[in-house]
Structure formats: C-alpha cells, structure tokens
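Okay, structure first, notes after.
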Amino acid sequence: MIIKINRRDFLKTAAGLTAFSLGLNASSPPIFKRRILAADPGQNNGNILIFIFKRGGSDGINEVIPRHDSQYNPTNRPTLFIPEANGIDLPGSTTQLHPRLLPLMDLYNTGQIALLHRIGYKGQSQSHFDSQQYWENGMVGDNKNEEGIFNRQVQQTFAKQGHPFPAVGLSSSQLVALKGPEPIPNFSSVQSYTLTGTPAQKNKFIGRAGGPGLSPRGLLGFYGGAQDFPGKPNRDEAYRTGLVLFDSMNRVGSLNPDNYFPANNAQYPNSTFGTKLKQIAQMIKELGTGDTPPPQIYGVNIGGWDTHTNQAAAHNDLLNQLGGGINALSKDLAALWDRVVVMTMSEFGRTSLENGSKGTDHAYASTLFVAGGKVKGGVYNCDPITWPDGAMLSSSSGRYLPHKTDFRCVIEEILRVHFGDTSEVINNVIPGYDGLKNAAPLDFAPLGFMKTV
Amino acid sequence: MVSRPASFVYLSVVGNVFLGLLFLGILGSPRTASAGASFIRGDSDASGVVDVTDAVHLLTYKFLGGAAPTCMDAADSNDTGEVDVSDAVYTLIFLFIGGLQMPAPGLACGADPTDNDNLSCLSFAPCPQVQPEAQKVNHLINRIAYGPDPETLNRVNAIGIDDTIEEQLNPSGIDESQNTELNSRLVALQVQRLPSKDTKLVPGAAAWRYFKGSQAPPADWKTAGFDGSSWIFGVAPIGYGYNDNATVLADMPKNANQPGYLSVFLRKEFTFSTAPANLILRVDYDDGFVAYLNGTEVKRVGLAGNPPAYNVAATGHNSSGFEDFDISSKKNLLAAGKNVLALQVHNNRIDGGDLKINVELVSREILPGDPIVEYGNIDKVKAMAHVRGIYSKRQLQTVLADFWENHLTTDYDKLVEYLDNLTNSDATDAMSAAQAQREAATLEAKEYEYLLEHALGNFGDLLRYSAKSPTMLVYLDNILNVKGVANENYAREILELHSFGVDNGYTQQDIENAARAFTGWGICKVSPENYGDPHAPCGPDFNDIIFLNQGAGWKYLKGTAEPTPDGNGNPTTAWTAVDFDDNAWAAASDQMGYEKGIGYGDNDDATDLSKLVPPMQNNYLSVYLRRSFNVTDPYAFKNLILDVKYDDGYVAYLNGIEVGRTPNLKNYGNPPAYNRQTAEGHEVTEDPLLVNLNKFLDILKVGKNVLAIQVHNSSPASSDLSLRPRLVDREILPGSIENGDPNGVWSFHFFPDRHDYTAKSIFPGKPYFLSIPAKTLNDPVKGLADANDMINKILEALPTAQFICTKLIQKFVSDEVPPALLADCIATWNSTVPKGNIEEVMRTILTSEEFWSEAAYRAKVKTPLEFVNSSVRALNAQTDGLALKQPMLDMGMEIFTRDEPDGWPELGVEWIDTSGFLNRIKFVQDLLAKDSTLQGAPLGSNVVSIFDANDAKTADAIVTFMNDLLYAGTLRPDETAILLQFLTTDDNYSSLPLVWTNPPTTSYKSRVETGVSLMLSLPQWNFQ
C-alpha cells in the first residue's frame, strides 16, 4: 500500500524563498521557479486544455450511434434504443449523434470536433475507482499511484518554464489527474476562494514566510518554515499546498464573476457544471498577465453517468449539459479557439445490452470528444470497415464493445501537438509511453485528430 | 499485548527515510515530556552522517532563511546550548582539520546528556526514537478519539494508556446515561409521534367547484344546502403564477388588459363512513383564506371581516407545502351523509404575482403503541453522528461507527427519490416529500445505530445487516435485481468495496453469478411485528370490481389535425366535453379494452391502425378517443381507478376535465397539440399508469359521463402504438400495509418469483468456492439461501480478512500498511469464532509495535470529519451538530450523501488540496468568531473562559497551554515565537501587549480568539 509519489525536497526549494508575502501584490512568487532538470520543457506556446471528466462510465454507444452494427437494435436495448428518425445524422459517417447532443452540430459541421469511439485500454477494469485512477494517473494496472497525468505535464513543462499558476481544478476536491507533487490549486467556484475579514486582518493572519532580514509571521510563517515532522507522510504536499493556496487565492481574487459577460451570446448550461465552464472561460481571458499565460490546464467533473437504472432520462440531461457546455465554450472563446482544446474523459463504457432496470452496467470502451480550433473534425473509430457488424458484442465475454485505441494515445496526441511536448517529455508524463506503444502498436496508432499546422 | 522477539527490527520506508523500531519495553515506563529525541551530534541536516553538508545546512538556516534543523541539539556541534556560526566552524574543523571530538552522544545515536539548554530535538529520523509520554497520550487520543480536549487529556493521564485502551474497547462499561451534553443534543435532533392512521375525507389536488370573486357570491354559498352545480370545476392547486397550479386563473391579476379580482370561492362535497377521532385541515396557500365546514368557520389565516368581503386583501403569505391545522374541536360540525368543505381564498393585492390554494381534510385516528422516534431529514442524522463524535465518552466506538458507516456507505438522496416516487395500491401518491425524507433519514439513522452498537462486534453481523438494509438494497439497485436480466451493481460492490477489495480473489464471472444469487432480494413495508421476516406478507390486499372494460362504445378520431381548434388553430379540449358531438368519429372494435386495445404493432390491438389507409406509422402521431358510460351514484365508488396500459403516452379527461397524464407528455401543452411526440417511449408491457379518480367524483354526473383520451406516439416511425384502458373500483382490504403507511416499517423481503433458481458456481478454484445446485422453483427459503450462503463464504475467505484489516490499519496506524502488522491482524481475525471479531482485531492494532512506533505519530492526515470534530472538541465548543453540515460540504465530505459507493477516502493524500485547506481555515475562524455563551448558539466557543479556568492569562501561558493540549508541546521555539508575536501585536504587527482584565477587553478577547484560530489553522492541525 505504498503511495508512490515522487517526493521533492521541499526544504531546498524553501531555502530560495524570499519575501513571499500574500499582501495584495500580484508578482509571481519565486518558489515556483525551479531549476531545469532532465527533459527540456521547450518554449511555452501558451495553449490551453480543458478536460471534462464524465464520472461513472458513459454509454458511448448511445452517444455516437453505430448504425452499421445490426446489434444496435430494440431487442438488445428495449427502452434505450434510439430510432434512426430521432438520431442526428453525422454527414460523412455511418453513425448518428444522440439527439441531445444537437448543440455539438455547429462544431461538427465546421470540422471543429472529433468524435472518437472505442477509446479504452487493454485489460479494462470495470471498477469505477480503479479505472478512473488509471485514466487519471495514466498508469493502467497501478491503482495506488496518486500522481495525475496532467500534474506530470505541469512538472515537466509549465513549472520548469516558470509558470506561477499553470493549472487549476474546478472542484471542491482536487481531481486525481491534477494531483501530485506540484500542488495545483482547486476550488469549486471563484467566489468561494477567499477568506473573510478586513484586508489588514487577512494580512496579519496570513503573514509571510520570512527570509533574509524578514522574520516569519502568521500562517505563512508556518507553511513557509520547516516542517513539523520532516519525512513523515504527506508533509511536502501539505506545506507546499498551503503556499500555493495563498498565492493562487490572491490571483483568483482579482476576478469578478458577477461582472463577466460571455462573448457571442454564449449560453452556458444553467447548472453547477455550466457555471464552472463559464468561470474557466473567464480565467482564460482574465488571468494572463504580460508574458505569463493564464492557467493552461483546467479540469472539471460532471457526475451521474453511472446509469444502472432508468438511463434514458438521466443520460438525456447529462448530454444536454455536456453538449451545451462545449458549445458555449466554443462561442465564448471563439477569439482564442485555435489555442484551446476541450477533451472529455470517462472511465469506461456501458454494456451493449440493456439490463432489467432500463439501464446499463459497467463495460469496456466508450467515446471521447475533442473540440477546438485546431482539431480535425469528424468521426473516428466508428466505420463499417474497422468496426465489423456485431463488434458491439465482440468482447471475450460477448457482452461489451472492446476498445480500439488506448486513451493514452489520445492524450499523447494532444500533448504532443497542442503543447509541443517532446518525446522525452511525453515519456515522463505518460510513464513508459514508447514501451507501451512498441508493445501494442495498434492500440497506440495515432488517430490524427489534431491538425499539425 | 502482542509481542515479537526483541531481536526483530521493523523497518518502514517512508519517503527515503528509514525509521527505527520502538521497543515494547518502553511502553508504560514514565518519561518526562521534555525528553528530547535521540540524535547524532553535528548532523544538522539529519542525514545520518556528519559531513560538509551539515555545515552548509546550518549556515543556510542562519543566514539565508533556510529550514531550521529538526533537531537543534544535533546542530549544536560544540554543545554550547546555542546554535550559531560557531557550530558550523566547529564541524568544519572537526571534519577537515581535526583535533576536535563531537560532544556526547557523539557520532552514535543517543540522548543529550546536557539537556538543560533551550534547544529542542523534536525528531531526528536516522535514530530510533523513544516517544515521550506526552506524545504517546496525544497519539492515542488522536487515533481512538476525535482528538484531545482538556477533560480527555486529564482522564488518560489519570488512568494511563493501557487502561484507556481497555476502557474504550469495552464501551458498554462507560456510562453515558448522565452524559447530558450528548443526550440532550441527541433528543433535540429527533422527533416523536404517536402511531396514527389517516383517512382523507377530502384528498389534495381534488376537483373543486369555484366562483371567481369579481362580485360577492350568494350569501349561503358555503352551506351544505347551497346548489353549486352552476359553478365551474377546477382541479387544485387553483391559482396563478409560478407554474405550479393545475387550474390556472389567468384573469385573476389586474393588469392593463383585465380588471382582475381579489378572491376566489371554492366548494367541495364529501361523505365519510366513520366519525373521525381527530380532524386535520391541511392547507397549502398563498395568500390568505377562511375555511368553512358545513357553513361554519373552522380556520382562517391572514383575513379580517365576518365574513371577509369578496374585495378585501389578505396579509401576504407564500406557499410552502401543506400546513396542518388541528380542527378536531370542530368535528361535531360533520353530519352523516353529504358535507361541504368551503374556502374563500384572497390575494394580498389585486395585481399580485401569484395565488395558490390546495386543501386536504384528514380524519386521524391515534393508534395504541409507543411513540415512534424519527429523524426529520438527513441533516438531523448528520448532526447526530457529529454530536456523538464530539460529546460521547465512548470515543473509539463512535470513531469506528463512522468508519463502518463510511465503509458500507449508502446515499440518502437516492433513497428519498425512491420513496417519493412510490404509489399506494389505490393509485395515489404514497407519501409527501417530507414523509419520504423522514422515512429515508430514519432508515439511515437506524443503520448507523446498528453499526454503532456493533462497531466492536463481529464484522459478519455488519455485512449481513448492510446487505439486507433497505438503504443498501435501494442504493446499489439490488431491489431491481431480477432473474434473466440481473443488475450487477450490488454483487460487484459487496466484493470490491465491502469485503474482498478490488481485484482480490474474484472475477467478473463471479460477479455475474453472485448477481444471480442475489436476484429476488428487495424491500417491503410491513407491520412492525413482521420487521426482519423476509417471508412476511408483503403488499396490500384489495378486491377489484371491473367497472368499464372491453365492449362497444369507444369512438376514435385519427390525429391528422386538431379535433377542435380555436379561432387561431390552437388546440382546445372541446372534444372532451360530455355533450361534444362525436357522430363523425369512427367506432372502435367492441373488443377494445384492457386486453386488446387500439393502435398498431405488437399484435395486441382490437382496432389495428396499420390496416387503415393511410396506416398510422409515418403518417400521424396521435389518436383521439371517447367513450360514454352511465353512473347511478358517483359517491358509491370505493376507489374508482383509471388503469391504462399504454404506448407511448396519453392524457385522459373526465367530462371535459383533465384527470391524468403520462410523465412523457408533461409540460407539453393543455391539451398537447395533435402532432406532439412524447419525450420518451413506453411499452404496454411496462407498468401501466393508474389514476385514482376519488378526487374527481364531483365531476361525475348521475347518468351519462364521458371518458376521453388522446394517445401519442414517441416518433412517427415508431414500430408500435397502443392504448388499453379500463375503469376499476378497488376496495382495499383491512390490515393492508401500503407503501405510504406511516406506521409500517421498511424491511428486507425475498420475492420468490424474481429469483433465479438455476445452478450457480461462484469462486471456482478458490478455497471459498461455492457451488449452488439448481433449486425447486419458487421455494422462498431455498432461494434466499443462495446469497446468504455466499455471504457466509465471503466472511470466511482470506481476502475479506486482508482487505478489512488493511483498511483498519490505514485508519488507525498509517496509510502505508506495515506487512508484519497486517499479518498479525489477519491472524487475530482468523483466530476468533466466528472470524472477524473487531474488538480483538482492534486490540491487536492498538497494542502493536507499529501503532506505538515513532513513525506512526502524527502520520495521518485528518479527514474533514476528523478535522471538524477534533476542532470542536479541542475548544470545548458548543454545537447542535446541524451547523457542521455546511463546513463539511465546503471541505468536500458529505456524510450519508456520498454518490459513489466507495466511501470517503481514508488516505491522507486525498484530502490535501487548496480548497480543502482554505475551508478548514474558514471553519476554525468561524468557530472562534462565534460565541457559545449566546443563547441557543448552534456553533460557538468561549476559549477565554478555558484559559481563565486554567490560569492561562498571558500570551506565553496561552501558547504553552495550546501547544501542550493540541500538539503535546512539539511546536518549536521559532514557531511559538510566531504565535506570541501574533498575540502581542495589532493588525499591523505593531506591538500591543496582551493584558488580561476581568472582564476581558474586546482587544484581549478578539486577539485571543483569532490567535487560537491561527493555532488551529496551522499545517500541524491537519495531522493526527
């Protein structure tokens, strides 16, 4: 039960700490500037990734409907089958889109959304907790590793490039994909990310870490000082998280969500999820300063996809939110859209056969959507040639849709093309990527959904 | 006490540091709290060797703001009692020039023989450490309790560690009967009611005759003798605004287009069979009303005048569901035969935004029996768990109860939704939202109380209880698990999350077979004496008399256009009226009814619309139907029920009034247009929609009546459509327990006809292999045995011992599980009969070397539950428990309402993030800012009084007191200096001495309070 987190020697970092004071100045604190180690992070191109984790395992078969598979029929799905008359045609493919994903059609018709089918991994876990862990730590089979794939991306690139606030999770508890030794701020809403009290009271309470000629004061005197029991579990994470908290709170405090008006009449879904997407858009537009880009990776959850019972209504509502949310982002961020990628994730798909409770159970592969100005739109992995009739039930148990492409291959393409990760960086972010690819070239054959120029 | 040979050395890898063994002999031997750690002289950076990096480390600390040495004595190379540049020089000379010795203990691990200096040595990882007694006491209270408070600290110091452990392992020996801090709070969270039986004399959402108050109604309008037949019918709620009325009075508010009116007058006739013991009037109203029974006023709210004139305004009041008014004193107004309940309802202003009225009249019989103790909603149950965690003296039992509750987690919200959607056999809604919340919360509390009672008992009892607990059966869908189409949800999680742990000794095939073993498991509401009997009679008994079924008389119209459009072509309900001329409509087959209907596809229609030209498929979406029938006495029905099998949706009307609508046509217009398709599909083989017509009996006429129905398809291309209606009069037999019966209790039930009796092979090739032979169909006892046998196998299996021991060690010792301790726990687990005695396993853990190792001390990150409970305890703060809900939500831990079945994480890394830390700080600030001496404060503290009681009246004394209480004195001098500075400066860090006075000054009080909030905001307070 060892939690393998690459520990950092916090003490060495803190030794370089000078006047880290919360105050109201917004200068970037030097503790985030670290020596360049190992892989060269390259130049930061300022691009942005928003990932949406659909918690619970989503029914990809009803999202991008494989019309060419005769097993998609009312016998196998008595209440969940979507008649052809109700599906939305996807020109250029033999598939249809779920009717509640209509808001994605603007993006589809302009070639700005890639609908990837059959994304999963070899040895698919049907446990929510394990499979989410694999998707988020990028290490299939290691359910104990708590270091997120995008935390590694931050470690390997943005942090080395000196980005003071490289990523953020819009969640009351941090997404595993963002967890790790490089603490990344998280909050459920911009408004909640503040302390109460007068500025003087807050300043006194928060204090400063101290340094040459400056005595430590208040809470930062502790978080910036020596650890209480160095070497004991979680000390580095806890102390560094405290420092990141006060720095990021100061930065986010400059935002006023009540005074934010999305561009191009973008309508975010009227839900917590929609509000989070809207605040992400505001951060993208307002948190960059000078040469420093805004945070570059944003993570957000949307829960409720574990539809064991009465799936139709619940799935409808979720797809309304998902489709509406991505549509709103594309409008609101239209001016920046070439620099933005929005990606969905979900730990597994659902059984091709409906269960006895008008729902579906845990299965293998599912869909993954990628939207953005530099995306090569279309439907991937869902065609009669690579998807023979009956593939929906072609897992060894005869009940599930197997994967065609490993999810890490999708993430790799985004990191490589969108952020310019070198092969060396990729192999650190997705540990052992080249080895995985060599061992299973088909699972890791790039889909080519990102434009490279 | 478990002991290993003294030569055994346990090494645990934590980071890159090897931590040594604490030998058992040390336990219990008295030590002073000031005894410092064992260390190597000169090893400033605690690397295990003295080298040049020690000198660099020291200089970085002194001059570059680097981290302080964890062991100042080690950094004090020349043993002068001060750490300064001379120590670095001394080390460098020692290393490179020679001629100097390192003072004792020298280069071998040892204590400081000159420990009379001001230097501390809190930890020194390379050396095996002797844990000071104060830290041991602190450790024990951190782990087996929700942290220290002054009283617990004194108690443990008085009776010692060993006796404390034994006392807590046997909680029944701790008398809580006099614990008023706990008991008074528990009682305040409960509600008690006497068992009772309600009969609705006038049901809610009924059809009423009403009169718009543009003028005064006839003087005798409220009397039984008044002839109201000329008044119009409307189904309650009646009013306008907020889109929550069944009958909308669009002309009521005054505006530019209409004069409006202030009041509306309503009448409802009813009869009753048994004179009521108590009479309850339940009213959902906006804004004011007067209610009359047979002409005499029985209740009024917000209206003046006798009677109030039609044009007077009421006091404003917003609708918030039914409010109950006991009008038992007026029950003698009731007469045999026909009675009339009448109301006048007034707006607060003629141009107001809304008006609403909905009424029930209930006869309530109080039944014999003890009062029923319930929890109104889950907030009360959450508070109950907090209150126990904070105020109970049986701390270990409470800590374990919370652990088991989380291990076997269920989601209250899902249970509420399930209960709220139930109907009774008379087709009425089984219960209000409030009752659903009360029943669900009480079930959650009952489960928690079982887990509390058995927290130190046998694990098998916990798992079996959970498997049959209605909360779990609903939460993980086992109630939906039926043969042929098994639902795997519970079968997976009982293995993955509750017993074996993920991928530990089972396969996907095992899950599928286990799911089959669980088919037929469900819940049923039974009378209290049958609670726990899975074979007790389930469900109400009733007799149905068919009133209207197959036969001639149905007329239909294809929905190719609106049957009765208004001048603008919009749909109207004119075609549903009794006297509508349907001569032009076609006659349906005289075989049409509940068995064969009208429609196409599935070969179940007496009138087949696919055989007509054009066929329905792809040509039109709806069909309109009418049938007239005769009634001799509308009030002679027991429960007149419209029972319809349908595909895909319909709206039904009785004499022109809408009486029923399928959910897939909700909000699709009044009436839905002819070309509307339903939101979702529905099959005739699925549940029919039953509508109780009792509340519409007034609409029925003596003589001819008309039932009209419009049926809609889900899409033009749909393969089928069907409508199969009937009317039945249902008599519910005495003794029936309905879903909504407030006196019934939810209990595990086995449904023999849902069980899969074929053979099952579970865990093949494993020592706990279970082969279940095929069994006699519908044998309830044998069928139930399948899953019971499997649970017994699970409980005997090694993976269960492994997984539960692992979780307990992670909870009580460290996230990283020492293999030797795990082996000991498993050995204890397997040694008891039956296996899995939790008290014994806990004794093994709490007396283990690993639990008492230096490595385990403060090695755990607090969960929000631990953080909140320990913060309140540390300050002797007061809370009703309810005020802790929001901070727990903010910190990301909602007990009893977690969506996911894996429970809240116990591992530290899961709870370290910026949002969580910020909300912890906000909580302690809030806790300190609120004063518990205020009357009825839901949350608050009074730390000044604690310090006064302990004679801590200077900044120094306050810091020392808190350092000792919270941290066993382990805050370093540089850290206590920060706290002292905080207490003795103003907001701008200018010097401001802290001066105690009686009474304390505002400045003293606020600085002490914010200072203590700082002490609970430290990184240290997140660890235990």
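By convention in this document, chain letters (A, B, ...) are assigned in the order of the sequence lines, proteins followed by strands, and residues within each chain are numbered from 1. Everything numeric in this text was worked out from a predicted model, so none of it was measured.
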Worksheet item: Between A:Lys179 and B:Glu910, is there a side-chain N and carboxylate O pair less than 4.0 Å apart?
Response: no
Item to complete: Can you measure from CG (A:Asn143) to CG (B:Asp503) and round to the nearest 0.5 angstrom?
Response: 7.5 Å
Worksheet, complete the sentence: Residue set satisfying ring pair (Phe, Tyr, Trp, His ring centres under 6.0 Å) with B:Tyr490, at least two apart, ordered chain then number -> B:Phe518
Worksheet item: So A:Arg217 and B:Thr985, side chain to side chain contact (heavy atoms under 4.5 Å, CB included) or not? Walk me through it.
Response: CA-CA 11 Å; A:Arg217 287 174 173 175; B:Thr985 53; over 6 Å; no
Worksheet entry | Donor-acceptor contact present, side-chain B:Tyr989 to main-chain A:Lys204, <3.5 Å | yes
Worksheet, complete the sentence: The reported gap from CZ in A:Phe229 to CD in B:Gln1020 (rounded to nearest 0.5 angstrom) is 8.5 Å
Worksheet item: What distance do A:Asp306 atom CG and B:Asn489 atom CG have between them, rounded to the nearest 0.5 Å?
Response: 6.0 Å
Worksheet entry | Ring geometry between B:Phe917 and A:Tyr223 (parallel below 30°, tilted from 30 to 60°, perpendicular above 60°) | tilted
Response to the item:
One option among B:Glu493, B:Glu683, B:Gln508 has the most heavy-atom pairs under 4.5 Å with chain A, and it is B:Gln508
Discussion item. Can a side-chain donor-acceptor contact be found between B:Thr914 and A:Asn186 if the only test is distance below 3.5 angstrom?
Written reply: yes
Fill in: CD on A:Gln227 to OG1 on B:Thr70, rounded to 0.5 Å
10.5 Å
Practice prompt. Please name all residues satisfying disulfide (SG to SG under 2.5 Å) with B:Cys805, sequence neighbours left out, ordered by chain then number.
Written response: none
